[in-house]
Structures are given as structure tokens and as C-alpha cells.
Visitor: 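Right, I'll just put the structure down here and ask away after.
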Amino acid sequence: MNPYTPITESLCKHYPEIDPADLVYSKPPSADLGDVALAMFPLARTLKSAPPKIAAEVAEKVDFGPLVQEVTPTGPYLNFKLNRSQAIRNIVSTVLTEQSDYGSSDCGKDQRVVLEHTSINPNASPHVGRARNAMIGDSLARLLRFQGHDVEVHYYVNDMGRQIGLLVLVAEELEDLNFEQILEAYVEANQRAEADPDFAEKGYELLVRMEEGDPEVQRQFREVTDLCLKGQLAVLERLGARYDCFDRESKYVRDARLEKIQEALRAKDAVFVDEEERLVVDLSKLGYPHEQGRYFVLMRANGSSMYGYRDIAYTMDKESLGADLNIMVLGEDHKLYAQQLQLILESAGHKAPESVYYAYILLKEGKMSTRQGKVVLLSDFLDQAAALAVARVEEQCRDLSAEEQQAIAEKVAVAAIRFAVLRVNPNKNVIFDMEAALSFTGDTGPYIQYCCARIQSILRKAEDKIPTTPSADFPLEAQAEWQVAATVAEFEEALLAAYEQRNVAGIGLYALELARQFTTFYHECPVLIAESEALRLARLQLCQAVLQTLRNALYLLGIDVPEQM
RNA sequence: GCACCCGUAGCUUAAUGGAUAGAGCACUUGGCUACGGACCAAGGGGUUGGGGGUUCGACUCCCUCCGGGUGCGCCA
């Protein structure tokens with residue numbers, strides 16, 4: 001919602017040539033300048049005049065109606081002092097009416113989306129680095145749905161390939177393999193393959209038999225990957241990530257569509273068998289401009305397929321679902337690979353999906369390393385965070401059962417990790433600081449949850465049924481009241497930016513800002529013991545509106561709001 | 001070597017090319033007879049990696065150098 005539309009309308013009425021999209025409202029740098037500011041720069045071209053001149057002229061000539069109490073031109077800016085009571089009333093009323101839809105601009109209406117994310121290799125317990133994909137993907141799915149899209153979330157299960165072959169070999173030697181042992185088994189398998197060429201060769205042989213359809217080998221692959229996937233999903237489930245479809249890579253080994261791709265490549269003379277008998281694509285024939293990354297191997301000499309070959313079939317399969325948007329979340333290490341895949345698909349007249357990239361999560365000590373044990377496992381983090389949180393909850397929510405306390409602690413733990421990861425722009429490396437992520441103070445998910453808990457505490461104590469329509473007598477005009485309401489009004493714009501940029505980081509920063517504004521209001525403006533009944537009710541409604549907005553924002557980040565904590 | 005991403009306060013980070021670069025952590029000082037102190041108020045701390053350029057105006061765009069991340073023919 002935009003509470004400033006009356007201003008826009010007045011301006012456009014006086015200057016019909018103005019494009020309303022050029023009117024961008026912002027907060028003035030200092031509160032005594034006014035309640036809302038409007039920059040004149042974008043109007044300079046259409047009105048053929050200098051911004052400061054425009055500001056002065058507009059302030060003198062345009063009648064802005066009852067919402068605006070005062071207009072002051074300040075250089076190239078126009079600063080408005082508003083009838084705050086009226087403006088806040090409009091904002092609160094909108095939120096209380098739209099409730100859990102508040103903030104949606106419904107821009108994805110009637111559009112279907114296929115979104116693939118997470119797709120962790122089934123060989124180990126997910127660490128927080130891998131989980132960045134799941135958190136970004138899951139939040140993106142929530143945002144797309146919130147904006148009206150019909151979203152289908154896909155998870156590609158890499159249930160074959162050399163790594164699984166080696167894992168099967170190690171698994172054979174163990175009595176009963178469980179999920180916890182797989183991380184170790186995987187490391188061991190790789191070390192052995194490096195040291196012992198025969199062992200490595202056995203892995204490749206297993207792969208060939210798998211692709212040829214040997215039922216026993218297929219059973220073994222299935223057993224190992226199922227075990228891994230099940231364990232991984234249990235951890236991802238704690239994060240709140242949900243998937244609609246699991247697509248197994250092994251399904252795409254002998255896909256008929258790959259023949260068509262080969263034909264198209266041959267027609268452009270872009271595929272050849274190299275000196276080591278591999279089937280290779282020469283991407284330079286498809287317009288790839290560099291020497292590095294020019295070759296893309298489809299099949300090994302022994303006839304088994306490479307990952308990319310199967311992925312071509314999988315990508316076409318997703319394309320055939322006919323969605324309006326086809327999006328995948330990828331680590332930045334896949335950038336070149338995705339570009340290569342795109343060239344191949346487009347050469348055969350297919351459309352590659354839109355990629356959303358994210359950079360790696362690093363530790364303060366440097367890169368995460370499985371072999372050196374320098375990883376933070378997601379489950380370990382959640383366990384530690386929940387243990388810390390439950391100690392606090394036991395103190396502060398004594399009337400609750402142990403189960404309820406544990407459930408709250410788990411929500412706090414998830415908020416801590418999801419917020420710590422999602423608030424950073426995805427193209428930047430996240431420096432993951434275990435201590436900071438476990439502290440729950442400052443710019444954190446639990447801080448926002450705490451703000452919500454306080455609001456709910458007020459609402460509980462008020463015991464009023466809060467009407468969704470604010471009364472005509474709505475005496476909110478204090479600075480803190482205005483600031484928090486104005487921030488509430490910015491929600492839709494923040495979500496639209498997140499949607500367009502496919503970047504949910506802004507939602508986290510927005511929620512943080514709103515929570516901070518509310519806390520200032522909370523300390524300055526007593527609600528339950530306000531001077532008048534009208535003021536008390538208006539403030540309760542403002543509280544309700546802030547809570548609703550924070551809930552909606554946190555929902556998009558996959559963070560639950562506990563009633564108490 | 002080539003390509004892509006990043007570099008902002010001691011640390012972690014924010015800013016559709018626009019007003020005085022905004023927060024959190026840490027540090028200093030103050031605030032609980034409380035609508036919940038997982039909090040608030042105030043303070044110190046910045047040549048936005050270096051150097052050029054474009055622009056009325058650059059953290060933002062272009063060039064270059066330095067530093068970090070990522071990728072570059074039988075891993076997935």
C-alpha cells in the first residue's frame with residue numbers, strides 16, 4: 001500500500017505529463033524537515049526545469065488536500081508535513097483488513113513457477129554452507145507464492161555418479177550403515193580412491209553396471225542414496241524447507257531427448273569424440289568466446305554418462321512442465337557450468353532456466369573443509385542454539401510445559417540460523433561466526449521474535465477484541481508512532497524489490513528495521529495505560545498492525561513467531 | 001593465465017547515481033516499584049582497498065592495479 005497516493009494524484013492533476021512511477025517517496029534525513037520527502041530529480045526531464053526550481057514551483061502552486069499540512073521545498077526536495085493521524089489511520093486500517101495477505105502485490109497471479117533448490121548430493125549431513133541454498137530457495141518459494149504464483153518446488157536427487165559408486169563400495173564392507181556414518185564413509189571412500197587406482201576403477205565399473213541396468217547394483221545405489229536423502233531431509237525439515245517433487249537423476253540416463261540434442265550439436269559441428277574416446281561438445285561452435293571452459297564432456301570412454309549429460313535431460317524435463325517461470329538456485333561454483341548448459345540447450349531450441357546464484361559461506365578461520373573437520377553441520381548448530389534458547393525459555397516461560405518450551409527453543413534456533421544467512425546479499429560470501437549466531441542479541445532473528453513476543457504480551461493483557469476498522473477518533477501523531485507506521489507502509493515496496501531481484505535479503509533488513517522502530521515506540525509510548533481510551537485503542541491497533549507485518553515478513557523468511565519466549 | 005563475484009568503522013554488514021555513508025557486535029556512560037532487560041538512550045570509532053576517469057552529483061557506472069572468493073575436458 002502507498003499512503004501517499006493523494007499526494008501523487010494532486011501532482012499528476014496539476015502536471016498531467018508526470019509519470020507517477022517517477023514519484024519515489026522516502027524518509028527525510030532528519031525528522032524536523034518533515035514526515036515524507038519527494039525528490040524532484042526524476043521530474044527534471046519531463047518538466048524541463050532544474051530540480052530546485054520545480055520544488056519551489058510545486059510547493060507554491062499545487063494544492064495537496066487535507067492529508068498534507070505543510071509543504072517545504074528544500075533544494076531539489078519537497079518535504080511534507082502530514083496530517084499524521086489520518087495517514088497512520090489509513091496504514092493501520094489497510095493492514096488490519098488485509099492481514100496475512102498484507103504486503104502482497106499479487107504480481108504473480110495466474111503464473112506457474114517451477115523452482116528447483118537444495119539438491120544436495122546424497123553423501124553427507126548438510127552443513128550450513130550447503131543449507132544456504134535451501135534457505136534461499138525455500139524463502140524464494142514462499143515469496144513467489146505470496147506474490148500469487150503457483151509454485152512447484154523440485155529437488156534433484158543426484159543418486160548416481162562416481163561418488164555414489166564409491167560410497168556403495170564402502171557401504172558393502174560395513175555391517176549396517178547409518179546416516180551418521182556416511183560422512184566418514186564418504187571421506188574414506190574418496191581417500192581410498194585417490195590412493196588406490198584399483199578401488200577407483202571398481203567404482204567406475206559399478207557405475208557402468210548401474211547405467212546398463214543391473215538390478216542388484218541399482219538396488220545398492222538406491223539403498224545408499226535413500227538413506228542419505230532421508231537423513232538430509234530430516235535436518236532440512238527442521239529448517240522449515242518443504243519440497244513438492246523429488247526427481248531422481250538416474251531416471252535421466254537413457255533419455256530419448258538426448259538423441260535430439262546430439263543431432264542438433266552435430267548439425268553445428270559442435271560435438272566430437274576426442275583422442276581419449278570421450279564424447280565432447282566444443283562450445284566455441286555455439287558462440288562461447290573463451291578458450292577456458294570451451295569443452296564440455298558428455299560421455300566417458302567406457303560409455304557411461306557425465307553429470308551434465310543427464311542434467312540436460314532433466315532440465316528439458318522441467319521445461320516440459322510448461323511453467324511461466326523456471327528458476328533454479330545454484331552455488332556460484334556452478335556459474336560456468338550453467339552457462340555451458342544454456343548454450344547446449346539453446347542450440348537445440350530449448351530454453352534454459354533462470355539461475356539465482358549465491359556465494360559460499362566461510363568460517364572466520366577460512367573455508368569450510370570436510371576433510372579437516374572445519375565444517376558447521378546444520379544439525380549441530382540447531383542443537384546448540386536450541387540448547388541455549390531452552391535455558392532462557394525455562395526462565396521466562398515457567399508456566400509452559402517442557403514440550404512447549406522445547407518447541408519455542410527450536411523456533412528460536414531456526415530463526416537464528418535462517419536470519420543470519422538470509423540477511424546477507426547472496427552474491428557475497430557469508431562469514432559465519434558461530435559465537436555471533438548463537439548470541440541472539442542485536443541484528444538477529446530472535447531479536448525480531450522477541451519484539452513480536454512483547455507485542456503479543458501487550459495484546460494478551462489488553463483483553464480487548466480489537467476492531468479491524470480504526471475509529472474516527474484516532475489520536476496517533478507522536479514521532480515514534482509516525483516512524484513505525486511509515487515503516488509498516490514500506491512493506492509492499494520492499495517485497496516487490498525482493499521479488500524483482502530474486503533476493504530475499506531485503507526482507508530481513510526490513511523486518512529488523514520495523515522491529516527496531518517498534519521497540520522505540522514501545523519504550524516511549526505506553527499502550528495499556530495511555531492517557532485516553534481512544535489513544536489506548538489506537539495504539540493497540542498499531543501494535544496489531546506491526547505484529548501482522550512482522551509475521552508476514554518472518555513467514556517469508558521461514559521464521560515462526562512464538563507467542564512467548 | 002583467462003572468466004565471473006566480492007572489498008564500506010577493530011569485527012559482521014546497509015545504502016533504485018542523489019540531502020550529513022545507516023546499523024549490529026565489541027568498547028564507554030546511563031536506564032528495571034517493567035505494557036517482558038533476548039531491551040532502550042547517549043558517546044567515541046570511516047580518505048567506502050589504491051589510483052585515474054564519466055557526471056551538476058559516485059560506495060554505486062567505466063578503466064587500471066592490489067587483496068579475497070569461485071570456476072576453467074572422463075566430480076556432481
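All heavy atoms count here, side chains included; hydrogens, waters and symmetry mates do not. Below, read A as the first sequence line, B as the second, and so on, with proteins coming before strands; counting in each chain starts at 1.
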Visitor: Counting side-chain heavy atoms from C-beta on, which of B/A19, B/U20, B/C4 comes nearest to A/K335?
Guide: B/C4

Visitor: For B/A3, give its Watson-Crick or G-U wobble partner with both distances under 3.5 Å, or none.
Guide: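 When the pairing criteria are applied, B/U70 turns out to be the nucleotide that pairs with B/A3.
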
Visitor: Quick one: which of B/C39, B/A23, B/G18 gets closest to the side chain of A/T441?
Guide: B/C39

Visitor: Measure from NZ on A/K364 to P on B/G10 and round the result to the nearest Å.
Guide: 15 Å

Visitor: Is A/N425 side chain donor-acceptor paired with the B/A15 base, going by distance under 3.5 Å alone?
Guide: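 Such a pair does not exist between side chain and base.
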
Visitor: Should the pair A/R392 and A/F440 be classed as cation-pi, given the thresholds of under 6.0 Å to the six-membered ring centre and 45° from the axis?
Guide: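 Cation-pi check for A/R392 and A/F440: fails.
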
Visitor: Contact class for A/R162 (heavy atom, under 4.0 Å): base, sugar-phosphate, or nothing?
Guide: sugar-phosphate

Visitor: Among B/G37, B/A38, B/U70, find the nucleotide with the atom closest to the side chain of A/K367.
Guide: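 It is B/U70.
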
Visitor: Searching all strands shown, indicate the nucleotide that pairs with B/C35 (Watson-Crick or G-U wobble; both distances under 3.5 Å).
Guide: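 The base-pairing partner of B/C35, which may sit in any strand shown, does not exist here.
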
Visitor: A/L207 has an atom CG; how far is it from atom C1' of B/C74, in whole Å?
Guide: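 Interatomic distance, CG of A/L207 to C1' of B/C74: 11 Å.
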
Visitor: I'd like the P distance from B/C5 over to B/A41, given in whole Å.
Guide: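 Straight-line distance between the two P atoms is 39 Å.
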
Visitor: OP1, OP2 of B/G73 versus side-chain N and O of A/Y295: anything below 4.0 Å?
Guide: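 Checking A/Y295 against B/G73: no side-chain N or O falls below 4.0 Å of OP1 or OP2.
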
Visitor: If the cut-off is 4.0 Å, is A/K428 near the phosphate of B/C5, judged by side-chain N/O to OP1 or OP2?
Guide: no

Visitor: Which nucleotide in the list B/A76, B/A19, B/G68 gets nearest to the side chain of A/N79?
Guide: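 The answer is B/A19.
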
Visitor: Any donor-acceptor pair under 3.5 Å linking the side-chain atoms of A/Y360 with those of A/D333?
Guide: yes

Visitor: Give me syn or anti for B/G51, where syn covers glycosidic angles within 90 degrees of 0.
Guide: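 You should classify B/G51 as anti.
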
Visitor: Please tell me which of A/V280 and A/K461 maps to the more 5' nucleotide of RNA chain B, matching each residue to the nucleotide holding its nearest heavy atom.
Guide: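 Of the two residues, A/K461 wins.
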
Visitor: Would you kindly give the CZ-to-P distance between A/F272 and B/C74, to the nearest whole Å?
Guide: 12 Å

Visitor: Return no unless some side-chain N or O of A/R300 is found under 4.0 Å from OP1 or OP2 of B/A76.
Guide: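 For B/A76, OP1/OP2 do have a side-chain N/O of A/R300 under 4.0 Å.
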
Visitor: In whole Å, what separates the C1' atom of B/C27 from that of B/G67?
Guide: 29 Å

Visitor: Any carboxylate oxygen within less than 4.0 angstrom of a Lys/Arg side-chain nitrogen, looking at A/E205 and A/R209?
Guide: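 Answer for the salt bridge query: no.
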
Visitor: Does a nitrogen or oxygen in the side chain of A/K27 sit under 4.0 Å from OP1 or OP2 of B/G22?
Guide: no

Visitor: For A/R423, which contact category applies under a 4.0 Å heavy-atom criterion: base, sugar-phosphate, or nothing?
Guide: sugar-phosphate

Visitor: It should be established whether A/N427 places a side-chain nitrogen or oxygen under 4.0 Å from OP1 or OP2 of nucleotide B/C6.
Guide: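 Answer is yes, contact under 4.0 Å.
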
Visitor: Less than 5.5 Å between centroids and less than 30° between ring planes, does A/Y337 satisfy that with B/G71?
Guide: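 No, A/Y337 does not stack on the base of B/G71.
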
Visitor: Taking 4.0 Å as the cut-off, does a side-chain nitrogen or oxygen of A/Y447 come that near to OP1 or OP2 on B/A23?
Guide: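 For B/A23, neither OP1 nor OP2 has a side-chain N or O of A/Y447 closer than 4.0 Å.
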
Visitor: Ignoring hydrogens and geometry beyond distance, is a side-chain donor-acceptor pair present between A/D311 and A/Y337 at under 3.5 Å?
Guide: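 Their side chains do contain a donor-acceptor pair, which is all the 3.5 Å distance test asks for.
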
Visitor: Pick one: which of A/H290, A/E291, A/R294 meets side-chain hydrogen bond (donor to acceptor under 3.5 Å, both in side chains) with A/S284?
Guide: A/R294

Visitor: From B/A19, B/G1, B/U70, pick the nucleotide closest to the side chain of A/L33?
Guide: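 Nearest to the side chain of A/L33 among the choices is B/A19.
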
Visitor: Under 5.5 Å between ring centres and under 30° between planes: true for A/Y522 and the base of B/C35?
Guide: yes

Visitor: May I ask you to verify if any side-chain N or O of A/S304 is less than 4.0 angstrom from the OP1 or OP2 atom of B/C74?
Guide: no

Visitor: Looking at A/R248 and A/D159, does any basic side-chain N land under 4.0 Å from a carboxylate oxygen?
Guide: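 Judged by the 4.0 Å cut-off on N to carboxylate O distance, A/R248 and A/D159 do form a salt bridge.
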
Visitor: With rounding to whole Å, what would you report as the distance between B/C66 and B/G50 at their C1' atoms?
Guide: 7 Å

Visitor: To the nearest angstrom, how far is A/E513 atom CD from B/A15 atom P?
Guide: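 Whole-Å distance recorded here is 13 Å.
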
Visitor: What integer number of Å spans the C1' atoms of B/A14 and B/G31?
Guide: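 Going atom to atom, C1' in each nucleotide, I get 28 Å.
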
Visitor: Among B/U12, B/A19, B/G7, which is the nearest nucleotide to the side chain of A/I431?
Guide: B/U12

Visitor: How far, in whole Å, is B/G73 from B/G69 if one measures between their C1' atoms?
Guide: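 The same atom, C1', in both gives a distance of 24 Å.
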
Visitor: When the nearest nucleotide of RNA chain B is assigned to A/F296 and to A/V412 on a heavy-atom basis, which residue is associated with the more 5' position?
Guide: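 Upstream on the strand: A/V412.
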
Visitor: Quick one: which of B/A76, B/A19, B/C74 gets closest to the side chain of A/P28?
Guide: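 The listed nucleotide nearest to A/P28's side chain is B/A19.
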
Visitor: Measure from the side-chain heavy atoms of A/L336 and tell me the nearest of B/A76, B/C72, B/G73.
Guide: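 When the side chain of A/L336 is considered, B/C72 is the closest of B/A76, B/C72, B/G73.
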
Visitor: Let's test this: given Watson-Crick or G-U wobble pairing with both distances under 3.5 Å, identify the partner of B/U16.
Guide: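 Pairing partner: none.
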
Visitor: Counting side-chain heavy atoms from CB outward, which of B/A76, B/C75, B/A23 is closest to A/R516?
Guide: B/A23

Visitor: Is B/G10 paired to anything, Watson-Crick or G-U wobble with both distances less than 3.5 Å, and if yes, which nucleotide?
Guide: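 Result: B/C25.
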
Visitor: If we take the P atom in both B/A15 and B/G52, what is their distance in whole Å?
Guide: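 Those two atoms are separated by 27 Å.
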
Visitor: Rounded to whole angstrom units, what separation is found between the CG atom of A/L547 and the P atom of B/C35?
Guide: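 Rounded to the whole Å, the gap is 19 Å.
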
Visitor: Does the side chain of A/Y309 come under 3.5 Å of the side chain of A/Q262 through a donor N or O and an acceptor N or O?
Guide: yes

Visitor: Just by distance, with hydrogens left out, do A/E211 and A/S305 show a side-chain donor and acceptor under 3.5 Å apart?
Guide: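 Present: a donor and an acceptor within the cut-off.
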
Visitor: Measure from the side-chain heavy atoms of A/D274 and tell me the nearest of B/A14, B/G73, B/G24.
Guide: B/G73

Visitor: Does a nitrogen or oxygen in the side chain of A/R392 sit under 4.0 Å from OP1 or OP2 of B/A38?
Guide: yes

